[in-house]
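First up is the structure itself, then whatever we jot down about it.
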Amino acid sequence: MRTSRAMRAVLAVATATILAAAGCGSDTTVTGLGTEPATPPGQESTEGIDLASLDTGEYRVEPRDFLGENFAAGEVGPVIEGQRMAEFVVHPHDIDPTLTTAGASTGVSVSTDRVLADGAGDLLEPFGMITGFRTSRSTEDELGMLQVAVARFATPEDAARAAQVVHDFERVDRTTPLASDPSIVTGIPPAVPVAVPGAPETLASVRSWDVIGRVTTTTVTLQGSFVIHTHASSETGDVAWTTDIAARAARAQATLLDRFPATPVEEIGDLPMDVDRVLARAVGLPEGAHPRLSDLAVYGPDGWLHFDSHPARTERIFEVTGTDRIAKAASNVYRTAGPAEAELLRDDFVETIREMYPDLVEDDTVPQDIPGTRCWSGDVAQGRASVCLMVHGRYMAELSGLRPVGNEAPENDSLRTMSQRLATQYVKLVRSEEMGLGEN
């Protein structure tokens, strides 16, 4: 079964909570979205809610205006550049409509090992990749898969050397004979170079696992300071399909990448932390939490679709509602064209929840009676789950929580903070409006 957009958010919140408790992250950590005193007594929302009376726990309730504070990206600039680049990475479902199930490897990375070639990080390290974005989708039966990645380097020369290393790495024989029966080998067989019709500049190779019937096709294309990497696999040995789809994805990516307004290398550290001040409206993580690269993010609609469980459907509703910016930080906040569009976006998300998880039932009451909010809860395969959608003005927020089956550790239970995060979300939306936080 495919995971719905809402349940992907449930699992993401659970993961972020675990990381916060452990005090560790990966690749790069971002700080500065910590706690702050609650809203002063007497401040009320337009709905007459006493904001100071709401239980917001240890979450920061005052929206942080990064732009107003002249807070630039600094060392996390490459991550933000990767989020920008995601808008110009092709969607696998646009190459083949049967590729609808999101892959776990999707996201920004500043590690070549997680973008261009798994296991080749040490070989690629000398070339200094700046940032990269990788997206993947498989067919519903998981017999076919396409992965598309774009990596940016400081110079075309660095990119060219990296591209050749990746192509050569594919051809290394990494099989190992079994000690008990040397006639049986395990591991990764070497790939055989092939030519891509109409694209002589593209390096391509095919790898086959004869025993299990798997076949893969990989392409590496150099484009200025960028390296485009596509990888298609078939569990039924359909080499014609993998070669065709990998090549078409490479060509489409090259065309789309021409439109990417890359930030000059020397200016990446000056990128704004919060494009259009949408991240300021998201819940954020408690003080001391160390988020991973994908735990704090701002995307355009095309960038966000890489993570969505129904990209084609969501793309249409984004167009209808004018949704142009999505922020993620312990909640997902969507900016639409106006209040009516925000409600329309919520209604579409409601239908997705109902279709994918009919066991989630709408609650009669909302925690702390937060205005403009609807919630659903119930049992799912992973445990007890809750999903809430909140509309305030032109913004729609999505929050979720999960209490895993058999869980005994409070820090792993994101359902326990659901009420506080809902309250924090509402206060931030109200206060952002009062502060006049709009487009950069």
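Sequence positions, counted from 1, serve as the residue numbers for this chain.
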Side-chain ion pair, Glu351 and Arg354, N-O less than 4.0 Å: yes

Side-chain heavy-atom pair Ile245, Leu99 within 4.5 angstrom cut-off: yes

Heavy-atom donor-acceptor pair, Arg137 side chain to Thr100 backbone, under 3.5 Å: yes

Interatomic spacing from SG in Cys388 to CZ in Arg374 - rounded to 0.5 Å: 11.0 Å

Phe169 side chain reached by Thr218 side chain, heavy atoms, under 4.5 Å: no

Asp274 side chain to Val278 backbone, donor-acceptor under 3.5 Å: yes

All N/O donor-acceptor pairs, side-chain side in residues 147-154, below 3.5 Å, sequence neighbours left out:
residue	atom	partner	partner atom	Å
Gln147	OE1	Ser105	OG	3.4
Arg152	NH1	Glu81	OE2	2.8
Arg152	NH1	Thr263	O	2.8
Arg152	NH2	Thr263	O	2.7

Among Thr323, Thr321, Asp324, side-chain hydrogen bond (donor to acceptor under 3.5 Å, both in side chains) partner for Arg335: Asp324

Side-chain donor-acceptor contact under 3.5 Å, Asp141 with Thr139: yes

Any side-chain donor near an acceptor of the partner, Thr243 and Thr217, under 3.5 Å: yes

Check: His306 ring centroid to Phe133 ring centroid under 6.0 Å: yes

N-O pairing of Asp158 and Arg161 below 4.0 Å: yes

Side-chain heavy-atom pair Val79, Gln83 within 4.5 angstrom cut-off: yes

Non-neighbouring partners of His93 that pass ring pair (Phe, Tyr, Trp, His ring centres under 6.0 Å), sequence neighbours left out: His91

ring-ring contact (aromatic ring centres under 6.0 Å, His included) pairs, two or more places apart, involving residues 218-264: Phe88-Phe260

Mutual orientation of the aromatic rings belonging to Phe349 and Tyr334 [parallel < 30°, tilted 30-60°, perpendicular > 60°]: perpendicular

